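Nothing here was measured: the structure is a model prediction, and the numbers come from that model.
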Amino acid sequence: LPAAMRHGCPALRELRAGGNALQDVGDIFVVSPDSNGRRHGWSSSFVTLDLGGNQLSALRIGGLDALDSLTIAANRLGGLDLCGCRFPRLSVVLAGDNQIREVPPELLPEGAPVLNTLDFQNNSLTTVPPELGLSSSLERIALIGNPIRSIRPELLRGGAMALKKFLRSRIPGLEEQHGAEAAQDDLAIDLRTARATGQLALEGRGLTELPDLPETLSKLCVASNSLRSPALLDALGLSHGHEASAART
């Protein structure tokens, strides 16, 4: 591909160059602001790039903020260099039938937040980043035909939801974090309800301390927790001095 194409066609939206004999495209698809901070037209215009079925052994892409669809299947790629860039509109990546050894970190949710389809089947992947399971937009993941030993074949052949759930389970502390957040959400709902009803039931929550209680509370159930006297008295607005006085009495 002629390097001059980037300057001669600054409003290009689609390039479909699949099924050729391209071996090297250099850095033609890496765009960045000029010395005056002006962005290249491709940053906002380039939507579709199809280089499938060529003979590329390396590929660098960066700065194409509007890119929606990337097809690089059936080349000779050992990797895909996305230059540390975000791709806020990228929804489809078809990269099967190469020798790619890892999923680029730029394709994780932080870098590609609307990614819907990720096809890396028949490559050389040995691992899959667990953070891929955090994507809420990813609905199709194709990874069969890779030497991945840490994921059961039936999971790789199954649907995206089951695979994402497995990947999330491989993130240390994530389940505990989500459980704690869910417990906090439940407690907040209970407190709002208690302000209206005057009743609060917190049995069996494993609590070591109580939240600020509504002044309108008339009934409180906190059985089967891990509360100690100071925590309970503090929540009820009773000082430790009051506790000592009550004990002497």
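With a 4.5 Å cut-off on side-chain heavy atoms, Arg16 and Thr48 count as touching. Counting heavy atoms from C-beta on, the side chains of Val47 and Arg89 never come closer than 4.5 Å. Between Leu108 and Leu132, the closest side-chain pair of non-hydrogen atoms falls below 4.5 Å.
Note that CZ of Arg168 is 12.5 Å distant from CD of Glu131, once rounded to the nearest 0.5 Å. Between the CG atom of Leu70 and the CG atom of Asp119 there is a distance of 11.5 Å, given to the nearest 0.5 Å. Expressed to the nearest 0.5 Å, how far CD of Gln99 lies from CG of Asn75 amounts to 9.5 Å. To the nearest 0.5 angstrom, Ile141 atom CD1 is 4.5 Å from Leu163 atom CG. Note that CZ of Arg101 and CG of Leu80 are 12.0 Å apart. Values are rounded to the nearest 0.5 Å.
The aromatic rings of Phe29 and Phe46 sit perpendicular to each other, their planes meeting at more than 60°, with 30° as the lower class boundary.
Exactly one residue among Asp68, Val114, Leu107 makes a side chain to side chain contact (heavy atoms under 4.5 Å, CB included) with Leu90. That residue is Leu107.
Under a 3.5 Å cut-off, the side chain of Ser45 and the backbone N or O of Arg13 do not form any donor-acceptor pair. Side-chain N or O atoms of Thr117 include none that pairs as donor or acceptor with a backbone N or O of Leu94 at under 3.5 Å. Proximity of a side-chain donor or acceptor of Asn116 to a complementary backbone N or O of Ser91 within less than 3.5 Å is not detected.
The hydrophobic cluster containing Val92 does not contain Phe87, counting ILVMFWY residues as joined when their side-chain heavy atoms lie under 4.5 angstrom apart, directly or transitively. In the hydrophobic cluster analysis, where Ile, Leu, Val, Met, Phe, Trp and Tyr join through side-chain heavy atoms closer than 4.5 angstrom, Phe166 is grouped together with Val103. Under the 4.5 Å side-chain contact rule for hydrophobic residues, Val31 and Leu15 share a cluster. Linking ILVMFWY side-chain heavy atoms closer than 4.5 Å, directly or via other members, places Ile171 and Leu138 in two distinct hydrophobic clusters. When hydrophobic clusters are built by joining Ile, Leu, Val, Met, Phe, Trp and Tyr residues whose side-chain heavy atoms come closer than 4.5 Å, directly or via intermediates, Val25 is grouped together with Trp42.
Across all their heavy atoms, Leu167 and Pro130 have their closest contact at O-CB, 3.3 Å. Shown here for Pro172 and Arg170, the closest heavy-atom pair between the two residues is CD-O, 3.3 Å.
Considering only residues two or more places apart in sequence or on other chains, Arg157 meets the side-chain hydrogen bond (donor to acceptor under 3.5 Å, both in side chains) condition with none of them.
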Less than 3.5 Å apart, which donor and acceptor atoms pair up between the side chains of residues 53-67 and the rest of the protein, not counting sequence neighbours?
{"unit_1": "Asn54", "atom_1": "OD1", "unit_2": "Asn20", "atom_2": "N", "d": "3.2"}
{"unit_1": "Asn54", "atom_1": "OD1", "unit_2": "Ala21", "atom_2": "N", "d": "3.3"}
{"unit_1": "Asn54", "atom_1": "OD1", "unit_2": "Leu22", "atom_2": "N", "d": "3.0"}
{"unit_1": "Asn54", "atom_1": "ND2", "unit_2": "Ala17", "atom_2": "O", "d": "3.1"}
{"unit_1": "Asn54", "atom_1": "ND2", "unit_2": "Leu51", "atom_2": "O", "d": "2.9"}
{"unit_1": "Asn54", "atom_1": "ND2", "unit_2": "Gly52", "atom_2": "O", "d": "3.3"}
{"unit_1": "Gln55", "atom_1": "OE1", "unit_2": "Gln23", "atom_2": "NE2", "d": "3.1"}
{"unit_1": "Arg60", "atom_1": "NE", "unit_2": "Asp81", "atom_2": "OD2", "d": "3.1"}
{"unit_1": "Arg60", "atom_1": "NH1", "unit_2": "Asp27", "atom_2": "OD1", "d": "3.0"}
{"unit_1": "Arg60", "atom_1": "NH1", "unit_2": "Asp27", "atom_2": "OD2", "d": "3.1"}
{"unit_1": "Asp65", "atom_1": "OD2", "unit_2": "Arg39", "atom_2": "NH2", "d": "2.3"}

Result block: side-chain N/O donor-acceptor pairs under 3.5 angstrom for residues 143-156, not counting sequence neighbours:
{"unit_1": "Asn146", "atom_1": "OD1", "unit_2": "Asn123", "atom_2": "N", "d": "3.2"}
{"unit_1": "Asn146", "atom_1": "OD1", "unit_2": "Ser124", "atom_2": "N", "d": "3.2"}
{"unit_1": "Asn146", "atom_1": "OD1", "unit_2": "Leu125", "atom_2": "N", "d": "2.9"}
{"unit_1": "Asn146", "atom_1": "ND2", "unit_2": "Phe120", "atom_2": "O", "d": "2.9"}
{"unit_1": "Asn146", "atom_1": "ND2", "unit_2": "Leu143", "atom_2": "O", "d": "2.9"}
{"unit_1": "Arg152", "atom_1": "NE", "unit_2": "Glu154", "atom_2": "OE2", "d": "3.0"}

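Enclosure of atom CE in Met5 by more than 12 non-hydrogen atoms of other residues, nucleotides or ligands within 6.0 angstrom is indicated. For CD of Glu110, the number of neighbouring non-hydrogen atoms (other residues, nucleotides, ligands) closer than 6.0 Å is 12 at most. Residue-environment remark: CZ (Arg86) exceeds the threshold of 12 foreign heavy atoms within 6.0 Å.
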